[in-house]
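Notes for the one structure printed next.
Note on naming: letters A, B, ... go to the chains in the order of the sequence lines (proteins, then strands), and numbering restarts at 1 for each one.
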Amino acid sequence: MVQKALKEIKRGVAEIIDEERVTELLKNYYENGENYYIKAGFDPTAPDLHLGHTVLIQKMALMQKYGARVQFVIGDFTGMIGDPTGKNETRKKLDRETVLKNAKTYEEQVFKILDPKKTDIVFNSTWFTEMGSIGLVELTTTFNVARMLEREDFEKRFKSNTPISISEFLYPLLQGYDSVALKSDIELGGTDQTFNLLMGRHLQRAYNVGKEQAVITMPLLEGLDGVNKMSKSLGNYIGITESADDMFGKLMSISDELMWKYYEVLSDKDLEEIKELQKSVDEGSLHPKKAKEMLALEIVERYHDSNKAQKAKVEFDKVHSKKELPSDMNEYALSAPIWIAKALNEIGLESSTSQARRDIKQGAVKIDGQKCQDEQLQLQKGEYILQVGKRKFAKVKVV
RNA sequence: GGUGAGAUACUCAAGCGGCCAACGAGGGCAGACUGUAAAUCUGCUGGUUUUCACCUUCGGAGGUUCGAAUCCUCCUCUCACCA
């Protein structure tokens with residue numbers, strides 16, 4: 001049992017630090033029915049969860065089946081500082097109300113995956129406001145600058161004389177202290193978090209918590225561009241609250257190479273099964289598009305349902321493969337006569353009339369399926385279907 | 001605290017009195033090709049009830065000039081070096 005659980009847990013992870021401890025926890029669960037705590041921290045500023053986050057959350061959901069209780073930490077205190085991982089800009093301060101609102105949004109999204117009965121949502125300001133400045137200074141004595149500079153990005157910045165603020169040094173300490181306050185058994189995070197996660201171990205020792213958390217890191221999911229990690233600010237993400245059609249479409253647009261990575265970290269299929277698929281594609285017996293469709297269906301199903309997923313697929317084929325019109329389009333009413341460029345701008349298909357003119361010149365604009373050649377065209381009374389590029393459609397009634 | 005350098009469109013980055021709505025690269029959008037892929041090639045990438053025209057943009061505020069992103073003054077902010 002333990003081995004089977006461990007095997008499933010290990011799937012797709014980047015690294016497990018202290019695997020023995022994980023084994024022990026599982027054993028204890030199966031033999032004595034004791035639960036254990038897994039922790040993961042989330043930034044209170046970005047409540048829009050995307051598939052990149054789900055890699056982590058799914059892993060936690062899986063572990064909930066094997067006796068884990070999830071400590072879902074909302075970093076409302078640490079959020080004020082901003083994680084220096086990567087090149088973040090200074091954060092805006094968030095007021096209490098916004099934080100709570102964001103937390104609510106998290107809950108709604110996260111319980112699509114996690115089991116609410118086995119999840120505790122906690123705010124780290126709870127213990128940090130209690131800690132006080134003396135406590136904070138004590139916290140800083142547990143670590144030294146040289147070790148802090150071992151962190152790769154700090155080291156780089158230090159060597160290149162890029163400023164590092166003291167508060168940035170505080171961040172890993174604070175995040176690590178969460179594990180002390182919560183007495184976590186395991187902490188999960190992305191590979192870029194490794195240093196911060198290990199800090200939890202260090203601090204648990206320093207504060208004599210009586211245990212040291214194991215660390216599980218998950219690979220970072222590349223975004224739709226296949227290069228950068230999935231993030232909201234880069235706009236290369238698939239949000240879990242997006243409509244079935246959008247989700248399906250976005251998944252279909254990833255490159256074939258990226259598809260296999262997505263399979264590995266996002267799909268519930270066995271690794272062997274995925275290998276089989278990949279083999280059939282390589283041999284040519286399975287069209288890569290088919291393989292991608294299966295992936296897209298699986299994921300859309302997870303966040304919607306199989307019915308909607310099927311519909312999204314049918315719709316997708318209709319619009320893109322057969323080049324037919326989508327079944328629902330936004331409808332607009334305009335008064336006649338109206339200049340075509342103006343109309344496109346008004347209904348939001350184009351950002352300006354100048355842009356509309358450019359697109360018309362390039363042949364990107366279609367009216368009722370016919371390329372629009374005349375940028376001066378006036379739309380007279382009647383109903384038209386306007387299209388810009390391959391994906392933007394609208395129905396317009398001119399009266 | 002002292003000295004020097006810089007601030008240009010989504011990002012990086014040219015331009016240093018008229019030829020500048022501003023080179024180039026990345027990104028984005030569109031077209032061709034396709035599997036709405038990827039790769040590749042091509043075009044576009046301030047705005048305007050209408051474009052061989054007009055209007056607004058080069059950190060901010062003034063000034064010089066027929067004319068300024070370019071010169072001068074002050075301010076704000078960044079960065080580097082020294083202390």
Side-chain angles (χ1 to χ4, degrees), chain A residues 86-90 157-165 222-229 231-238 243-263 277-278 280-282 284-297 300 312-327 334-366 370-380 386-393 398:
Chain A
K87 43 171 180 181
N88 278 343
E89 286 162 33
T90 319
R157 283 163 66 186
F158 187 68
K159 278 190 179 156
S160 65
N161 288 320
T162 314
I164 303 170
S165 127
E222 286 98 334
L224 299 173
D225 52 19
V227 181
N228 297 104
K229 76 168 183 174
S231 87
K232 202 185 168 191
S233 50
L234 292 171
N236 60 357
Y237 71 104
I238 303 176
S243 74
D245 286 343
D246 284 345
M247 236 187 217
F248 194 90
K250 282 188 180 180
L251 282 164
M252 289 304 285
S253 79
I254 63 173
S255 71
D256 290 354
E257 200 192 333
L258 190 61
M259 160 171 78
W260 300 115
K261 289 187 187 164
Y262 275 36
Y263 254 120
L277 277 177
Q278 195 162 7
S280 346
V281 168
D282 288 344
S285 59
L286 180 71
H287 196 292
K289 193 191 166 200
K290 273 268 172 270
K292 212 181 286 175
E293 257 171 25
M294 284 162 62
L295 174 72
L297 278 174
V300 174
K313 178 186 173 304
V314 170
E315 186 71 14
F316 181 84
D317 280 344
K318 194 172 152 190
V319 178
H320 300 293
S321 306
K322 296 181 195 147
K323 308 252 184 223
E324 285 171 23
L325 294 168
S327 38
L334 297 166
S335 45
I338 185 159
W339 177 34
I340 176 70
K342 184 73 188 162
L344 289 169
N345 173 232
E346 215 138 272
I347 61 181
L349 252 43
E350 293 282 16
S351 56
S352 69
T353 54
S354 299
Q355 184 61 44
R357 296 167 66 99
R358 279 183 220 116
D359 281 340
I360 293 167
K361 258 181 221 159
Q362 293 191 117
V365 173
K366 283 184 191 158
Q370 296 291 311
K371 249 183 208 167
C372 171
Q373 309 276 3
D374 177 13
E375 60 181 71
Q376 308 280 342
L377 185 79
Q378 294 288 335
L379 288 178
Q380 301 303 329
L386 303 182
Q387 182 183 356
V388 178
K390 288 178 190 122
R391 301 180 64 169
K392 287 184 279 187
F393 297 90
V398 181

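The partner of B:U65 is absent, by the rule that a Watson-Crick or G-U pair needs both atom distances under 3.5 Å.
With distances taken from any side-chain atom of A:Asn345 to the nucleotides B:A38, B:U48, B:A32, the minimum falls on B:U48. Comparing B:U48, B:A32, B:A30 against the side chain of A:Ala364 picks out B:A30 as the nearest. Checking B:G35, B:G47, B:A30 against the side-chain heavy atoms of A:Ser352 singles out B:G47 as nearest. When distances are taken from the side chain of A:Lys342 to each of B:G31, B:G35, B:U49, the shortest belongs to B:U49. If you check B:C33, B:U51, B:G35 against the side chain of A:Lys390, the one that comes closest is B:C33.
Side chain A:Gln362 to base B:G31: no donor-acceptor pair is found below 3.5 Å. The base of B:G35 lies close enough to the side chain of A:Asp256 for a donor and an acceptor atom to sit less than 3.5 Å apart.
In this structure, the CH2 atom of A:Trp339 is 6 Å from the P atom of B:U49, given to the nearest Å. Going from atom CG of A:Asn236 over to atom C1' of B:G28 covers 13 Å, rounded to whole Å.
Base orientation of B:U51: syn, since the glycosidic angle falls within 90° of 0.
In this structure, A:Lys290 places its NZ atom where only 12 or fewer heavy-atom neighbours from other residues, nucleotides or ligands lie under 6.0 Å away.
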